[in-house]
Amino acid sequence: MSKPTKLTLALPKGRVMHHSLTLLRAAGLDLSAPPGGRALQYDAGGARIIEMRNTDVPTYVDLGVADAGVVGKDVLLESGRSVYEPVDLGFARCRLSLIRPLGATGPVRRVASKYPRTTRAYLQRRGLSAEVIKLAGNVELACLAGLADAVVDIVETGGTLRANDLEEVEVIVISSARFVVNRAALKLKTDALRPLIDALRALNPVKMA
Ligand code: PRP
């Protein structure tokens, strides 16, 4: 029997990389630890790993440079990329929510976010014609400093909201890490991808998280 095809996997650096490697190993891939230092890609034995910003994972997978990867549902939706999303890995759980200063009741005219596409889609669903401003980080500050009447941002523990007298007005997306696959690779490298998808599903990661 021939050896299964070696996959190229796109993983975001940091905590998600660590959790992803643990789950991929539990699913049967023999993966060595990252070599450390500043290497951006490495041969991990059972797969080739390429490491990047989480927002770039959908691009690498959709364009077929990576066969598969791990990325948050929030980032995936914002990317607008068309990848196959077969497994909810259950970790990195958070909400993408509309946030306003506590007790704010005035109209929402301007919304700041790192997620402009998702924000525009949400406002359209709600029939609101607010202006959307893209920011790079510390998004809640836009509300506090008067740049925007509301923000759309991640809520994980709620600690940032409590510390800044902000409230979560509406949950827009419930997010968690997803295993995503390039659609062509699913057919061309099915010998490696199908068993991996089945094994990840069998781990029942959503219940484990
Ligand atoms: C994220 C997010 C919120 C915060 C929410 O920020 O944008 O600010 O975490 O987490 P909490 O509910 O547990 O307080 P992050 O620190 O990732 O960086 P950013 O502000 O630069 O986006």
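Each ligand, and each atom within it, is numbered from 1 in the order the structure gives. In this text, all values refer to a predicted model and were calculated from it rather than measured experimentally.
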Among protein heavy atoms, which lies nearest atom 5 (C) of ligand 1, and at what distance?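 Its nearest protein heavy-atom neighbour is Ile154 O, 3.3 Å.
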
Quick one: look up the protein heavy atom nearest atom 3 (C) of ligand 1 and list residue, atom name and how far away it is.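 Of every protein heavy atom, Glu140 OE2, 3.1 Å lies nearest to atom 3 (C) of ligand 1.
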
Indicate yes or no: does Glu85 engage Lys73 in a salt bridge with an N to O separation below 4.0 Å. yes

Does a side-chain N-to-carboxylate-O contact under 4.0 Å join Asp43 and Arg48?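 Salt bridge flag = no for Arg48 with Asp43.
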
Give the minimum heavy-atom separation between Leu21 and Leu31, together with the two atoms involved.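 Residues Leu21 and Leu31, closest heavy atoms: CD2-CD1, 3.8 Å.
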
Heavy-atom closest pair (Val139 atom, Ser113 atom, distance to 0.1 Å) is CG1-CA, 4.0 Å

Just jot down the ligand 1 atoms closer than 4.0 angstrom to any heavy atom of [X], in number order.
X	answer
Lys114	19 (P), 22 (O)
Asn138	19 (P), 20 (O), 21 (O)
Gly158	11 (P), 12 (O), 13 (O)
Thr157	11 (P), 12 (O), 13 (O), 14 (O)
Gly137	21 (O)

Would you verify that at least one protein heavy atom lies under 4.0 Å from [atom], or report that none does?
atom	answer
atom 17 (O) of ligand 1	no
atom 22 (O) of ligand 1	yes
atom 11 (P) of ligand 1	yes

Quick one: do the Thr118 and Arg120 side chains pair a donor with an acceptor below 3.5 Å? no

Any donor-acceptor pair under 3.5 Å linking the side-chain atoms of Thr160 with those of Glu140? no

Quick one: does Asp153 get a heavy atom under 4.0 Å from ligand 1? yes

With a 4.5 Å limit on heavy-atom distance, are the side chains of Ile154 and Tyr115 in contact? yes

Are Arg110 and Asp149 close enough that some pair of their side-chain heavy atoms sits under 4.5 Å apart?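 Contact flag for Arg110/Asp149 side chains = yes.
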
At under 4.0 Å between heavy atoms, which part of Thr160 makes contact with ligand 1: side chain, backbone, both or neither?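 The answer is both, backbone and side chain.
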
